[in-house]
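Small disclaimer: the values here were computed from a predicted structure and weren't measured.
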Amino acid sequence: MQTGCIHIYYGDGKGKTTAAVGQAVRAAGYGYKVLFYQFMKNNSSSERKSLEALSNITCIEGREQVKFTFQMDADEKEEMRKYYKKELELLRKQAEEYDVLVLDEAVCAVGAGMLQEEDLLSFLKNKGENVEIILTGHTITSNLLEVADYVTEMKKVKHPFDRGIGARKGIEM
């Protein structure tokens, strides 16, 4: 592989994870080995089920039970911070064996205070030279913007959620 770049898909619009999954599928189709991890989500997403069926893609399991941060007390938040710090260290070691690493919702984890921005920046700045890294989330910091090679903002113009329609299986989840 050529020099690996850093991609960030962010914003309030639909399609961030979908874009990251599409990039993972494209890379796997080319023969690249892909490592996929989701922050802030459990292991039941529809995209995981599809990715797990493909050769060349390894999905790392996260927590079975994941709460929204507003549902967590201070102890639970601190425990999640420690958990994600440990997971990022494990991913650092595993990523050396892969061509592409997807860190879905890593940018959200930073924004929610569940992952320290300094830890993620260190991870990105010290990645293997040829590893392509794809991150997703809602809001991007100036530091993450600076370190990224590709940045795409997904902007919501209209969404069924605005009419009270929740996430639908197979479409948003």
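The NE2 atom of H138 sits 8.5 Å away from the CG atom of D12 when rounded to the nearest 0.5 Å. Atoms CD and OG1, from E105 and T17 in turn, are 4.5 Å apart once rounded to the nearest 0.5 Å. Rounded to the nearest 0.5 Å, atoms CG (L144) and CG (L135) are 7.0 Å apart. L90 CG to L88 CG: the interatomic distance, rounded to the nearest 0.5 Å, is 9.0 Å. Rounding to the nearest 0.5 Å places CG of L35 at 4.5 Å from CD1 of I60. Rounded to the nearest 0.5 Å, atoms CD (E96) and CD (Q94) are 10.0 Å apart.
The existence of a salt bridge linking E87 and K82 is excluded, since no basic side-chain nitrogen approaches an acidic carboxylate oxygen closer than 4.0 Å. Of the charged side-chain nitrogens involved, at least one lies within less than 4.0 Å of a carboxylate oxygen, so that R81 and E78 count as a salt-bridged pair. Classification of R92 and E89 as a salt-bridged pair holds, one side-chain N sitting under 4.0 Å from a carboxylate O. Between D104 and K16 there is no salt bridge, since none of the side-chain N atoms of the basic residue sits less than 4.0 Å from a carboxylate O of the acidic one.
In summary, of the residues considered (V21, L54, I134), a side chain to side chain contact (heavy atoms under 4.5 Å, CB included) with F36 occurs for V21 alone.
Using a 4.5 Å heavy-atom threshold, the side chains of E79 and M72 count as separate. At least one side-chain heavy atom of I133 sits less than 4.5 Å from a side-chain heavy atom of L101. Residues K125 and S122 have side chains not in contact (no heavy-atom distance under 4.5 Å, counting atoms from C-beta outward). Inter-residue side-chain proximity for Y150 and I6 is flagged as unmet; no heavy-atom pair is nearer than 4.5 Å.
Counting only N and O atoms by type, the side chains of Y98 and T58 include a donor and acceptor under 3.5 Å apart. There is no side-chain donor-acceptor pair under 3.5 Å between E132 and Q23.
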| Stepwise, does the side chain to side chain contact (heavy atoms under 4.5 Å, CB included) test hold for L51 with V34? | CA-CA 10 Å; L51 291 174; V34 178; over 6 Å; no
| task | Start with the C-alpha gap between H7 and Y9, add the side-chain angles, then the distance that decides, and say whether side chain to side chain contact (heavy atoms under 4.5 Å, CB included) holds. | result | CA-CA 7 Å; H7 308 236; Y9 299 108; 4.2 Å; yes
| Run the side chain to side chain contact (heavy atoms under 4.5 Å, CB included) check on E52 and E47 step by step: do they pass? | CA-CA 9 Å; E52 288 169 348; E47 60 267 13; over 6 Å; no
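Taking both residues in full, the closest heavy atoms of G15 and M154 are given as O-CE, 3.3 Å, listed atom of the first, atom of the second, then distance. Considering all non-hydrogen atoms of both residues, K127 and G4 come closest at NZ-O, 3.0 Å. Pairing each heavy atom of S55 with each of A28, the nearest pair is O-CB, 4.0 Å. The two residues A95 and V131 come nearest to each other via the heavy atoms O-CG2, 3.9 Å. In plain terms, the two heavy atoms of A20 and V102 that are nearest each other are CB-CG1, 4.0 Å. Counting all heavy atoms, side chain and backbone alike, G62 lies closest to N43 at N-OD1, 2.8 Å.
No side-chain donor-acceptor contact under 3.5 Å links R48 to the backbone of N42. Using modelled atom types, no side-chain atom of D149 and backbone atom of C5 make a donor-acceptor pair closer than 3.5 Å.
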Can you give me every donor-acceptor pair (side chain of residues 111-121, partner residue at least two apart or in another chain, under 3.5 Å) with its distance?
from	atom 1	to	atom 2	distance (Å)
E117	OE2	T141	OG1	2.3
D119	OD1	K85	NZ	3.3
D119	OD2	K85	NZ	3.0

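Applying the salt bridge (charged side-chain N to carboxylate O under 4.0 Å, His left out) test to pairs two or more places apart or on separate chains, none has a residue in residues 27-36.
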